[in-house]
Structure formats: C-alpha cells, structure tokens
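Residue numbers start from 1 in every chain, and the chains themselves are labelled A, B, ... in the order their sequence lines are given, proteins ahead of strands.
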Protein chains: 2
Amino acid sequence: MNSPRWLDSDEQRAWRAYLRMQGRLTARLNRQLQADSGLSLADYEVLVHLTDREEGRLRPYELQRDLQWEQSRLSHHLTRMQRRGLVTREECADDGRGAYVVITEEGRRAITAAAPGHVETVRRLFFDGLTREQVAALERLAADVLDRLD
Amino acid sequence: MNSPRWLDSDEQRAWRAYLRMQGRLTARLNRQLQADSGLSLADYEVLVHLTDREEGRLRPYELQRDLQWEQSRLSHHLTRMQRRGLVTREECADDGRGAYVVITEEGRRAITAAAPGHVETVRRLFFDGLTREQVAALERLAADVLDRLD
DNA sequence: GCCATGTAGATGATGCGTCATCTACTGGTG
DNA sequence: CACCAGTAGATGACGCATCATCTACATGGC
C-alpha cells in the first residue's frame with residue numbers, strides 16, 4: 001500500500017462533513033427513539049421488517065439478508081429482544097436447523113407507538129433541511145457507492 | 001406527536017439507501033482498519049486529531065469539541081487507548097481539574113502505519129465511484145443537515 | 001473568605017457489534 | 001447408506017457507546 005492517492009481538499013472536507021453528519025444524526029435519532037419509546041434503532045429496524053410480512057414471522061436468515069447485518073449480530077440482537085419480550089423464537093418444521101422469529105403483541109405495540117415520533121424526527125432533522133433534488137442526489141450517491149461495495 | 005407527516009416514496013427510498021450505505025461502508029472501513037493495523041475508526045480519529053497539533057497533546061475537552069463525542073465516550077475510549085499504549089494522560093498545571101492527552105511514540109507509529117491503507121480504502125470504496133459534483137453535493141447536504149442539528 | 005454554581009474529567013452498569021468458534025441439520029456424491 | 005461439504009443458527013469473549021452519577025477544582029457574588 002505504498003504512496004496512496006491522498007484525498008484532495010474537496011474530498012477531505014466532504015468526507016469530514018459526512019462523517020460528522022452521520023455520527024451526530026445517528027446519535028440524535030437513537031436518543032429520541034430510546035427516550036420516547038425504549039427502542040434502539042436496531043430494534044426498530046427488526047420490528048419494521050417483521051411487521052412488513054403480515055404473519056409477523058421470518059426466518060433469521062431472511063431478516064439477515066434484508067437488514068444486511070452480520071449473522072451473529074442478528075442472533076445476539078434477537079436474544080436481547082426476546083429477553084425484553086419484543087419477539088419470540090419458534091421452531092421451523094421444514095428445516096431442522098432453522099427457526100422463526102415472531103413479533104409479539106408487545107412488539108407490535110412498541111413499534112406502533114414508536115413509529116410516528118421516529119418518522120417525525122427523521123423528517124425534522126433530515127428531510128426538512130433538504131430540497132427534493134438533494135434527496136434524489138443522495139439516493140443516487142448511496143446507490144452508486146453500494147454498487148461498488150460488492 | 002399525532003398524525004406525523006410520513007415519508008413519501010422518494011424519501012423512503014433515499015432514506016433506506018442512505019442507511020444501508022452508511023452501515024455497510026462503516027463496517028467495511030472498520031474491518032479494513034482493524035485487520036490491517038489493529039486500530040478502530042475511533043482510535044484513528046483520536047490519533048488524527050492528536051497529530052494535528054504538533055505537540056501531540058490536547059486537553060480532553062478540546063478533543064471532545066473537535067470530535068463531537070460524548071464526554072464519557074471519550075473518557076472511556078482514552079482509557080482503553082491508554083491501556084494499549086497509544087496515548088498517555090498527563091496532569092495539567094493551569095487547571096487542577098484538567099488533564100492532557102498525549103500521543104505516545106507507539107501511537108505515532110500506529111497512525112503512520114494505518115493512514116495510507118485507510119485513505120486508500122476510503123478512496124476505493126467511496127470516492128472512486130463518485131463524480132466531483134456528487135462529492136460537492138454531499139458536502140453541501142451534510143452541511144445543511146448539520147446546520148439544523150443545533 | 002465563603003458559598004453557590006459551573007466545568008473537567010472518571011467510573012460503573014448495561015446494551016450493542018464483531019470475531020472466532022461450536023452444534024446441528026441438509027443435501028449431494030460415491 | 002455413508003460420507004462430506006455446506007448452511008442455519010447460537011454462544012463467549014471482548015471492545016465500543018450511553019446514561020447516570022461522582023469527585024474535584026474553578027470562579028463569581030456576597
């Protein structure tokens with residue numbers, strides 16, 4: 001890795017601004033969600049994906065694919081969520097190794113209660129400051145970067 | 001927080017793409033840095049800021065302001081870095097409550113060794129896929145969002 | 001000089017994320 | 001059927017992040 005192509009000053013500024021924005025924004029969103037509903041962003045994501053399928057039930061590997069999380073992160077997280085009564089695990093008849101994650105009533109109540117405040121916060125902290133062109137450009141940019149990450 | 005303004009589909013897509021990009025990108029950067037140099041992104045940031053001042057010495061509260069970290073996060077992190085020999089803490093003569101964080105020789109070696117590979121990875125995973133206009137737009141966007149976060 | 005308030009920093013508890021590793025089952029090939 | 005490679009998932013150890021709380025010193029008003 002000798003003599004790398006360093007970042008020029010435009011890139012430096014953009015990179016620092018991006019890092020700072022993402023750090024602060026994530027922190028704020030997490031804090032709001034935690035304070036108002038006792039959920040973490042991670043909990044929220046899991047619950048959203050579970051409620052997307054109306055049975056409220058998914059195989060962990062599907063959840064993993066959807067969320068793009070590490071397998072062990074998901075497994076640990078589900079254990080914590082299970083301990084708090086947000087989800088349960090059930091056996092999977094088709095595949096003896098497998099399992100189902102199922103959202104509980106309490107999980108449904110939690111996500112239902114949390115969603116409005118969270119969405120409102122995302123809007124207020126993020127989208128309200130941006131034009132539609134900026135939003136479109138961001139989607140583009142994220143897609144371009146993601147393409148190269150595989 | 002009744003009847004929030006939900007996100008429309010453009011916003012939804014942009015938001016999901018952003019979240020996914022940032023999660024995967026951060027993970028990749030962290031992994032590369034960790035694997036190639038034994039540093040975390042957080043270590044890297046701290047060391048960069050310390051080497052920016054050529055004495056290699058800062059008051060924790062300055063570091064905190066620069067990094068925009070929570071105070072206790074910084075304190076815990078410095079403790080871990082100290083344990084690994086990357087920094088030391090010294091007393092502050094001017095202010096009896098205060099302290100200095102000082103980068104060690106080992107800290108300097110670590111950041112010097114880590115920087116080229118890290119920068120190269122940032123370039124490869126991020127900037128190489130983007131046009132200069134996209135980079136400029138991102139800086140703008142991040143600045144706009146940051147303005148509203150205070 | 002004394003007290004109130006504020007600021008610098010550390011610490012313990014707890015939840016989150018990653019890595020390495022383990023178990024158990026599946027499914028294909030001989 | 002026996003075997004083996006692969007896949008689903010769990011777990012322990014350890015570093016990271018946050019919250020609440022604590023100590024100690026600084027500083028301004030009386």
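In terms of position on DNA chain C, the residue among A:Trp69 and A:Gly96 whose nearest nucleotide sits closer to the 5' end is A:Trp69. Comparing A:Leu78 and A:Arg31 along DNA chain D, the residue whose closest nucleotide (by nearest heavy atom) sits nearer the 5' end is A:Leu78. Residues A:Ser72 and A:Arg97 each lie close to DNA chain D; by heavy-atom proximity, the contact nearer the 5' end of the strand is made by A:Arg97.
Between the CG atom of A:Leu63 and the P atom of D:dA10 there is a distance of 11 Å, rounded to whole Å. When rounded to the nearest whole Å, the span between NE2 of B:His77 and C1' of D:dA17 equals 11 Å. As rounded to whole Å, 14 Å separates atom C1' of C:dG17 from atom CD of B:Gln22. D:dA24 atom C1' lies 12 Å from atom CD of B:Glu91, rounded to whole Å. Rounded to whole Å, atom C1' of C:dT7 lies 14 Å from atom CZ of B:Arg65. Following rounding to the nearest Å, B:Glu70 (CD) and C:dA10 (P) show an atom-to-atom distance of 15 Å. The interatomic distance linking A:Arg73 (CZ) with C:dG15 (C1') rounds to 13 Å, in whole Å. Rounding to whole angstrom units, CG of residue A:Leu39 and C1' of C:dC16 are separated by 14 Å.
Proximity of A:Arg84 to the phosphate of C:dG15: no side-chain N or O atom is located under 4.0 Å from OP1 or OP2. Contact annotation: A:Ser40 reaches the phosphate of C:dC16 (side-chain N/O to OP1 or OP2, under 4.0 Å).
A 4.5 Å side-chain heavy-atom check between A:Glu90 and A:Arg57 finds at least one atom pair inside the cut-off. A heavy-atom distance below 4.5 Å is found between the side chains of B:Thr26 and A:Gln22. B:Tyr18 has its side chain within reach of A:Leu25: a pair of non-hydrogen atoms, C-beta onward, lies under 4.5 Å apart.
Side-chain contact, A:Asp36 with A:His118: no donor N or O sits under 3.5 Å from an acceptor N or O.
A:His76 contributes no side-chain N or O that forms a donor-acceptor pair with the base of D:dG9 under 3.5 Å.
Among the nucleotides D:dA8, C:dG17, D:dT11, the one closest to any side-chain atom of A:Arg80 is C:dG17. Of all nucleotides listed (D:dC16, D:dG9, C:dC16), D:dG9 comes nearest to the side chain of A:Gln71. Side-chain proximity of B:Arg59 to D:dG9, C:dC19, C:dA8: nearest is C:dA8. Side-chain proximity of A:Asp95 to C:dT26, C:dG17, D:dT18: nearest is C:dT26.
No more than 12 heavy-atom neighbours from other residues, nucleotides or ligands sit within 6.0 angstrom of CZ on B:Arg140.
The residue A:Asn30 sits apart from the nucleic acid: no heavy atom pair falls under 4.0 Å. As judged by a 4.0 angstrom heavy-atom cut-off over every strand, A:Arg89 is placed among residues touching the sugar-phosphate backbone only.
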